[in-house]
Peer 1: 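Would you mind keeping the following structure in view while I ask a few things?
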Amino acid sequence: MPFSRRYLRRARVFWWLCVVAAWAVLGVLQDSLSGGQVGPGSYVRRPWSEDQDPKIPKPPKNPNVLRASVQDDTEAAWWTPERLQQLLDVPTTTCRRLVSLGGVSRCEDCRTCYKDGNKLTCLDPDVRPRPGQCIVYSMGVGGELSWDRAINEYNCSVYAFDMTLMKWTNAEIAPKLHFLDLGLADYHSDETINMTSADGPGTEWETRKAHFRRLEDIRDILDHSRTTLDVLKLDIEYWEWNVLRGLLSSPSRAKTLESVNQIALEIHLDGLRNASAAERVTEARRVEEVLTALNAHGFHLAHTELNTAQQRYAEVRGVVFPLYRESLFLRRP
């Protein structure tokens, strides 16, 4: 009998040790799946994990780099691109509950697929959208609403904007999912422009009247000027720099961003493709100024990842930059 009791006590201890170990492993897995701790430079060193879908292409080890054909780089000799590279690549905050919502997979063949349209969202308690109360602006949809529908199903009121969809009109697409034929810019304009329709064949230019408004004007129109904007998604094809630069140009305009919790930003660095080396430096410095100002106003990079669809690379003063990426900024003290 004594032997049996000792055996039972040891069995209970062993069982509890197994339970504790299992909880520890589950905690590590949860941190990993929800974003985990992101250390400085981790994106640069390991932009892709080995357990990702093998059909999703990884960045090439030796990419075809676009280099300036006009070597006229003599301005601002003191400037180096390392600070810009850090602002683009190195997270300055963490998101433990990071999710990727939406997206459409397009496959070239059975072995190579691209995912496009998915956006990052943080569900940490201090910045997460509150179901039933959250308001989301989706600037630039191009006819692809998978992310908008996903965040709408999270029970957020979503306002999707695009002025390139010829066949779309202002409408409520689904309960609490609204589309507005409106473009985001750093100015107020109702002008006739030539552009390629995002919902057409994409081969012919069309003329139409396009409406552009500033972010603060849009919030006033929708009666959201005093309401928290939980997520501001910007996918506006390189216009993001003019919009953000304008918003951050003065304290009065920057107040528009004080009630924004997250910015899901698709970054376009097309200005680094200029033929002139001097123009590339000018553009790189402009982007650096915007990202520095964004950080100064409390928006910290939580995560970034390269776009897999139609990625390009360009060189500026010896540093190679991927031109397209998805980045998530969280507003925190």
Peer 1: May I ask you to decide whether Arg331 forms a salt bridge with Glu258, counting only side-chain N to carboxylate O separations under 4.0 Å?
Peer 2: no
Peer 1: Got Leu165 and Val141 here, is their nearest side-chain heavy-atom distance under 4.5 Å?
Peer 2: yes
Peer 1: Looking at Ala254 and His297, what are the two nearest heavy atoms and their distance?
Peer 2: CB-NE2, 3.5 Å
Peer 1: Say whether Leu66 and Leu306 are linked into one hydrophobic cluster, either directly or through other cluster members, by side-chain heavy-atom distances under 4.5 angstrom.
Peer 2: no
Peer 1: Are Val70 and Val281 connected in the hydrophobic side-chain network, where two residues link if heavy atoms are under 4.5 Å apart?
Peer 2: no
Peer 1: Which atoms form the tightest heavy-atom contact between Leu248 and Val290, and what is the distance?
Peer 2: CD1-O, 3.8 Å
Peer 1: For Glu315 and Ala68, indicate whether the former's side chain and the latter's backbone hold a donor-acceptor pair under 3.5 Å.
Peer 2: no
Peer 1: For the pair Arg286 and Glu283, find out whether any cationic side-chain nitrogen is under 4.0 Å from an anionic carboxylate oxygen.
Peer 2: yes
Peer 1: Taking all heavy atoms of Arg285 and all of Ala76, pick out the closest pair and write down the distance.
Peer 2: NH1-CB, 3.2 Å
Peer 1: Start with the C-alpha distance between Arg130 and Thr228, add both sets of side-chain angles, then the distance that settles side-chain contact (heavy atoms from CB on, under 4.5 Å), and finish with yes or no.
Peer 2: CA-CA 11 Å; Arg130 308 288 174 180; Thr228 296; over 6 Å; no
Peer 1: Going by an N to O cut-off under 4.0 Å, is there a salt bridge joining Glu289 and Arg245?
Peer 2: yes
Peer 1: So, Glu288 and Arg83, do they make that salt bridge, N to O below 4.0 Å?
Peer 2: no
Peer 1: Rounded to the nearest 0.5 Å, what's the gap from CZ on Arg219 to OG on Ser259? Could you check?
Peer 2: 3.5 Å
Peer 1: Using a strict threshold of under 4.0 Å (side-chain N to carboxylate O), is an ion pair present between Asp220 and Arg213?
Peer 2: no
Peer 1: Nearest heavy-atom pair of Leu272 and Ala314: which atoms, and what distance?
Peer 2: O-CB, 3.4 Å
Peer 1: Report yes if the side chains of Leu257 and Leu215 come closer than 4.5 Å at any heavy-atom pair, otherwise no.
Peer 2: yes
Peer 1: Give the C-alpha distance, both sets of side-chain angles, the deciding distance and a yes or no for side-chain contact (heavy atoms from CB on, under 4.5 Å) between Phe329 and Leu291.
Peer 2: CA-CA 10 Å; Phe329 295 86; Leu291 293 177; 4.1 Å; yes
Peer 1: Is there a side chain to side chain donor-acceptor pair (under 3.5 Å) between Thr256 and Arg214? Walk through the geometry before answering.
Peer 2: CA-CA 10 Å; Thr256 307; Arg214 303 187 307 173; over 6 Å; no
Peer 1: Please answer whether the main-chain N or O of Ser100 pairs with a side-chain N or O of Asn118 as donor and acceptor at a distance below 3.5 Å.
Peer 2: no
Peer 1: Between CG of Leu222 and NE2 of His178, what distance do you get to the nearest 0.5 Å?
Peer 2: 8.5 Å
Peer 1: Kindly compute the distance separating OG1 (Thr121) from NZ (Lys233), expressed to the nearest 0.5 Å.
Peer 2: 10.5 Å
Peer 1: Donor-acceptor pair, distance only, cut-off 3.5 Å: does the side chain of Asp181 make one with the backbone of Thr169?
Peer 2: no
Peer 1: Does any non-hydrogen side-chain atom of Val319 lie less than 4.5 Å from one of Glu82?
Peer 2: yes
Peer 1: Quick one: OH on Tyr159 to CD1 on Ile221, what's the gap to the nearest 0.5 Å?
Peer 2: 12.5 Å
Peer 1: Would the distance check show the side chain of Glu237 and the main-chain N or O of Trp239 forming a donor-acceptor pair, the cut-off being under 3.5 Å?
Peer 2: no
Peer 1: Measure from the side-chain N and O atoms of Glu240 to the backbone N and O of His268, and report whether any donor-acceptor pair falls under 3.5 Å.
Peer 2: yes
Peer 1: Sub-3.5 Å donor-acceptor pair from the side chain of Ser146 to the main-chain atoms of Gly103, do we have one?
Peer 2: yes
Peer 1: How long is the span from the CD1 atom in Ile135 to the NZ atom in Lys176, to the nearest 0.5 Å?
Peer 2: 9.5 Å
Peer 1: Which heavy atom in Gln311 sits nearest to a heavy atom in Pro322, and how many Å separate them?
Peer 2: OE1-C, 3.8 Å
Peer 1: Around atom CG of Asn64, are there more than 12 heavy atoms of other residues, nucleotides or ligands at under 6.0 Å?
Peer 2: no
Peer 1: With a 4.5 Å heavy-atom cut-off, do Asp124 and Arg332 have their side chains touching?
Peer 2: yes
Peer 1: More than 12 heavy atoms of other residues, nucleotides or ligands under 6.0 Å from CG of Asn170: yes or no?
Peer 2: yes
Peer 1: Hey, can you tell me if Trp168 and Phe179 have their rings parallel, tilted or perpendicular (30° and 60° cut-offs)?
Peer 2: perpendicular
Peer 1: Going by side-chain contact (heavy atoms from CB on, under 4.5 Å), Ile263 matches just one of Leu330, Leu294, Leu328. Which one?
Peer 2: Leu294
Peer 1: Using a distance-only test with no angle check, is there a side-chain donor-acceptor pair under 3.5 angstrom linking Asp162 and Thr164?
Peer 2: yes
Peer 1: Less than 4.5 Å apart, side chain to side chain, heavy atoms only: is that true for Leu234 and Tyr137?
Peer 2: no
Peer 1: Is Trp241 close to Ile267 at the side-chain level, that is, under 4.5 Å between some pair of heavy atoms?
Peer 2: yes
Peer 1: Mind checking the OG-CG spacing from Ser138 to Leu177? Nearest 0.5 Å is all I need.
Peer 2: 9.0 Å
Peer 1: Kindly say whether Asn261 contributes a backbone atom to a donor-acceptor pair with the side chain of Asp230 at under 3.5 angstrom?
Peer 2: no
Peer 1: Gln262 side chain to Cys122 main-chain N or O, any donor-acceptor pair under 3.5 Å?
Peer 2: yes
Peer 1: Determine, stepwise, if the pair Phe299 / Leu244 fulfils side-chain contact (heavy atoms from CB on, under 4.5 Å).
Peer 2: CA-CA 12 Å; Phe299 288 94; Leu244 291 173; over 6 Å; no
Peer 1: Can a donor-acceptor pair be found, under 3.5 Å and without considering hydrogens, that links the side chain of Asn295 to the backbone of Thr292?
Peer 2: no
Peer 1: Look at the aromatic rings of Tyr187 and Phe212 and report parallel, tilted or perpendicular, splitting at 30° and 60°.
Peer 2: tilted
Peer 1: Quick one: does Thr92's side chain have a donor or acceptor within less than 3.5 Å of a partner on Leu301's backbone?
Peer 2: yes
Peer 1: For Glu75, does the CD atom have more than 12 heavy-atom neighbours from other residues, nucleotides or ligands under 6.0 Å away?
Peer 2: no
Peer 1: Would you kindly say whether Glu266 and Asn307 are connected by a side-chain donor-acceptor distance under 3.5 Å?
Peer 2: yes
Peer 1: Within the 4.5 Å heavy-atom criterion, are Trp147 and Val231 side-chain neighbours or not?
Peer 2: yes
Peer 1: Within the structure provided, determine whether Leu247 and Glu216 are in side-chain contact (heavy-atom separation under 4.5 Å).
Peer 2: yes
Peer 1: Run the numbers on Leu84 and Phe321 for side-chain contact (heavy atoms from CB on, under 4.5 Å), then give the verdict.
Peer 2: CA-CA 10 Å; Leu84 174 57; Phe321 289 93; 4.0 Å; yes
Peer 1: Grab the two heavy atoms, one from Gly246 and one from Asp186, that are nearest each other, plus how far apart they are.
Peer 2: CA-OD1, 3.4 Å
